[in-house]
Amino acid sequence: MEVRTRFAPSPTGFMHLGGVRTALYNYLYAKKNHGKFILRIEDTDQERYVEGATDVIYDTLRACGMEWDEGPDKGGDYGPYVQSERKPLYLPYAKQLIEKGAAYYCFCTKEELDERRAAAEARGEVFKYDKHCLNLSKEEVQAKLEAGTPYVIRMNCPTTGESTYDDEVFGHLTFPNDTLDDMVLIKTDGMPTYNFANVIDDHLMGITHVMRGMEYLSSTPKYNMLYNAFGWEIPQYVHLTTVMRDAHHKLSKRDGDAYYSDFIDKGYLKEALINYLALVGWNPGDDREFFTMDELIEAFDIKRLNNAPGIFDTDKLTWFNAEYIRKLPFDEYLKMVTPWFDKALAGKQFDYKRLAELMQSRTEVFNRVPDMVRFLVEMPEYDLDLYNNKKMKTNPDVAKESLTLVKPVLEGIEDWSEANIHDTVMAAIAESGKKNGAVLWPLRIAISGLASTPGGAFEIAYLLGKEETLRRLNSSMEKLSKDA
RNA sequence: GGCCCCGUGGUCAAGAGGCCUAAGACAUCGCCCUUUCACGGCGGUAACUCGGGUUCGAAUCCCGACGGGGUCACCA
């Protein structure tokens with residue numbers, strides 16, 4: 001039988017990383033088995049409708065390389081793929097259930113239920129719908145319906161015994177039936193609830209493997225009752241663990257670190273994000289860590305899905321990102337880093353190509369770039385203490401001598417190329433008998449004002465240009481004789 | 001609180017009774033390379049939640065405790 005998986009997000013306007021991972025596993029499993037990956041939009045909550053939200057879903061999935069085989073914008077043999085467009089479909093199924101005695105009309109209002117729920121909570125009890133409306137006679141129900149009384153349709157759950165099912169990740173699961181609540185299938189507005197639509201659609205769309213977050217673990221017995229009531233085959237369940245921010249919280253929008261776009265905006269590469277995400281809760285069984293999408297497809301195996309929640313480690317993601325950035329073809333890196341250079345260096349002319357060469361191995365996340373290059377346009381205030389470096393055998397006094405030595409040398413350089421600056425200054429140092437570090441360290445400090453910079457004294461002098469280099473050198477020498 | 005799930009270093013994890021004196025990666029620390037930093041190379045610190053069983057033998061199986069998470073909506 002052909003494998004058919006689905007990703008069924010509700011359009012909230014953002015793609016949660018946990019959702020991206022769920023989509024990814026669904027995609028990988030389908031592709032691995034030469035099956036179909038279906039995209040279905042679950043928008044049965046009309047109050048939560050967000051303009052443009054489906055585009056966010058499309059764009060994210062496509063950007064990551066998870067092209068779906070069937071979906072709202074693509075069609076397919078099982079459409080429509082947007083639940084709100086499927087609305088007329090659901091009621092007849094609910095009515096079938098009523099005829100079978102597996103569901104019933106309920107006329108209790110939301111307000112009444114809220115009151116009863118509050119009362120139950122006040123008594124320290126768990127609220128469970130008491131099947132009040134199940135006891136209504138056929139005539140009473142008929143009368144209320146004819147009178148146009150608003151209603152919902154509830155599922156009639158057993159209150160005794162237990163339910164079991166098998167999950168590919170969690171194994172054999174057992175739940176006592178007395179904790180099952182008669183969930184609403186059809187809402188007052190005629191829309192199905194997720195709980196209902198999900199079952200109907202998964203069946204109608206021929207979904208063979210349901211991979212979703214483990215928050216559905218305990219409501220799955222109810223879904224199974226629905227499948228059974230209809231006489232439908234129950235799909236394979238693959239419940240995925242939660243992606244956590246730390247041991248106590250899942251990734252949430254409040255941290256500003258939960259959405260795909262948060263990370264892309266910060267300058268994380270989607271390839272790095274996908275690669276890392278795949279590894280939170282899954283592993284290939286060997287020591288491989290780097291995967292292209294095709295390699296993930298090849299390596300993916302449900303059996304290697306973990307059943308303990310995983311913490312999303314930004315440090316590791318950042319490492320992945322830095323690795324991916326280093327592997328970028330230079331031209332691509334240059335293109336990507338340019339806007340980040342612009343952020344700090346706006347207006348001034350620098351040799352971006354050379355700067356990029358120096359920066360590529362030092363870039364972990366693009367949003368850290370501006371702070372790393374800003375010193376080129378604005379000489380930082382710095383402390384004379386920076387001239388103290390034991391290993392370089394330098395201190396403010398040594399620095400003063402070194403800078404005095406190097407200044408006329410720099411002034412005399414006509415061809416301000418990096419190579420020429422290097423050769424000329426190195427020759428002068430050799431002639432003076434000084435140690436390289438004793439000259440080069442102070443020089444770099446004098447023209448950068450920073451303890452660490454992307455590149456050494458020559459690279460920075462070159463980037464700055466002769467005029468600015470000498471200007472900084474002079475001002476640093478002044479500072480040195482004034483304060484030292 | 002009821003029910004359910006989970007429990008190997010700070011993090012991701014390998015491990016499916018002897019191969020474990022517990023792999024690998026990130027982070028961290030140290031050394032080397034080097035005109036700084038980064039890259040790269042080498043090395044170190046660091047874990048089976050606890051308590052009972054079962055067994056000749058347990059990180060692996062069972063029970064309990066503890067800890068964490070999930071779920072109890074006309075949200076998905």
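FYI, side chains are in, hydrogens and waters are out, and symmetry mates aren't considered; it's all heavy atoms of this structure. Naming: A, B, ... by sequence-line order, numbering from 1 per chain.
Residue contacts for A:His248: at a heavy-atom cut-off of 4.0 Å it reaches the sugar-phosphate backbone alone, with no base atom in range. Base contact: A:Thr109 has a heavy atom under 4.0 Å from a base atom. Here A:Tyr216 lies in heavy-atom contact (under 4.0 Å) with a base. At the heavy-atom level, A:Thr174 lies under 4.0 Å from the strands shown only through sugar-phosphate atoms. Within 4.0 Å (heavy atoms only), A:Thr318 reaches no atom of the nucleic acid at all. Residue contacts for A:Asn306: at a heavy-atom cut-off of 4.0 Å it reaches the sugar-phosphate backbone alone, with no base atom in range. Backbone-only engagement by A:Val184 is indicated by non-hydrogen atom pairs under 4.0 Å involving sugar-phosphate atoms exclusively. Within the nucleic acid shown, A:Ser10 comes within 4.0 Å of sugar-phosphate atoms alone, with no base atom in reach, counting heavy atoms only. Using a 4.0 Å heavy-atom distance criterion, A:Lys391 is classed as a base contact. As judged by a 4.0 angstrom heavy-atom cut-off over every strand, A:Gly213 is placed among residues making no nucleic acid contact. If you check every strand for non-hydrogen atoms under 4.0 Å, A:Val126 touches a base. Residue contacts for A:Glu323: at a heavy-atom cut-off of 4.0 Å it reaches the sugar-phosphate backbone alone, with no base atom in range. In this structure, A:Ile445 reaches neither bases nor backbone, as no heavy-atom distance under 4.0 Å exists between it and the strands shown. Within 4.0 Å of A:Asp287, counting heavy atoms only, lies at least one base atom of the nucleic acid.
Counting non-hydrogen atoms of neighbouring residues, nucleotides and ligands closer than 6.0 angstrom, the CD atom of A:Glu125 exceeds 12 such neighbours.
Comparing B:C62 with B:A16, their P atoms sit 16 Å apart, to the nearest whole Å. When the C1' atom is compared between B:G18 and B:A59, the two are found 13 Å apart, to the nearest whole Å. One P atom belongs to B:U21, the other to B:U28, and the distance between them is 31 Å to the nearest Å. Only the C1' atoms considered, B:A73 is 47 Å distant from B:G17, to the nearest whole Å. Comparing B:G15 with B:U8, their P atoms sit 14 Å apart, to the nearest whole Å. Across the P atoms, B:C4 and B:G9 are found 26 Å apart, a figure rounded to whole Å. Taking the P atoms as reference points, B:A25 lies 13 Å from B:G40, given to the whole Å. The C1' atoms of B:G2 and B:U11 are separated by 33 Å, rounded to the nearest whole Å.
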| said: Show, in sequence, the C-alpha distance, side-chain angles and deciding distance for A:Ile41 and A:Tyr81, and conclude whether the side-chain contact (heavy atoms from CB on, under 4.5 Å) test is met. | reply: CA-CA 6 Å; A:Ile41 302 297; A:Tyr81 293 87; over 6 Å; no
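Without hydrogens or angle criteria, A:Ser476 side chain to A:Leu473 main chain gives no donor-acceptor distance under 3.5 Å.
The two atoms that bring A:Leu217 and A:Pro221 nearest to each other are O-CD, 3.7 Å, heavy atoms only. A:Tyr382 and A:Ala446 make their closest contact through OH-CA, 4.2 Å (heavy atoms, listed as atom of the first residue, atom of the second, distance).
Base pairing annotation: B:C66 forms a Watson-Crick or G-U wobble pair with B:G7, both donor-acceptor distances under 3.5 Å. In this structure, B:A22 makes no Watson-Crick or G-U wobble pair, since no nucleotide meets both defining distances under 3.5 angstrom. When both pairing distances are held under 3.5 Å, B:U34 makes no Watson-Crick or G-U pair with any nucleotide shown. Base pairing of B:A13: no nucleotide in any strand meets the Watson-Crick or G-U wobble criterion (both distances under 3.5 Å). Pairing for B:A59 is absent, with no Watson-Crick or G-U wobble pair whose two atom distances lie under 3.5 Å. Using N1 to N3 plus N6-O4 or O6-N4 for Watson-Crick, or N1-O2 and O6-N3 for G-U wobble, each under 3.5 Å, B:A47 pairs with nothing. B:C72 is paired with B:G1 under the Watson-Crick or G-U wobble criterion, all donor-acceptor distances under 3.5 Å.
With no hydrogens or angles considered, a side-chain donor-acceptor pair links A:Asp201 and A:Tyr90 at under 3.5 Å. A:Arg212 and A:Thr220 share a side-chain donor-acceptor pair at under 3.5 Å. For the residue pair A:Tyr165 and A:Tyr223, no side-chain donor N or O sits within less than 3.5 Å of a side-chain acceptor on the partner.
Both A:Asn389 and A:Thr179 lie near RNA chain B, and the one whose nearest nucleotide falls closer to the 5' end is A:Thr179. Checking A:Arg362 against A:Asp114, the closest nucleotide of RNA chain B that is more toward the 5' end is the one next to A:Arg362.
Cation-pi geometry between A:Lys95 and A:Tyr105 is not met at under 6.0 angstrom from the ring centre and within 45 degrees of the axis.
Between A:Tyr129 and A:Met183, every side-chain heavy-atom pair lies at or beyond the 4.5 Å cut-off.
Taking a heavy-atom distance under 4.0 Å as the criterion, the stretch of RNA chain B touched by chain A extends 5' to 3' from B:G1 to B:A76.
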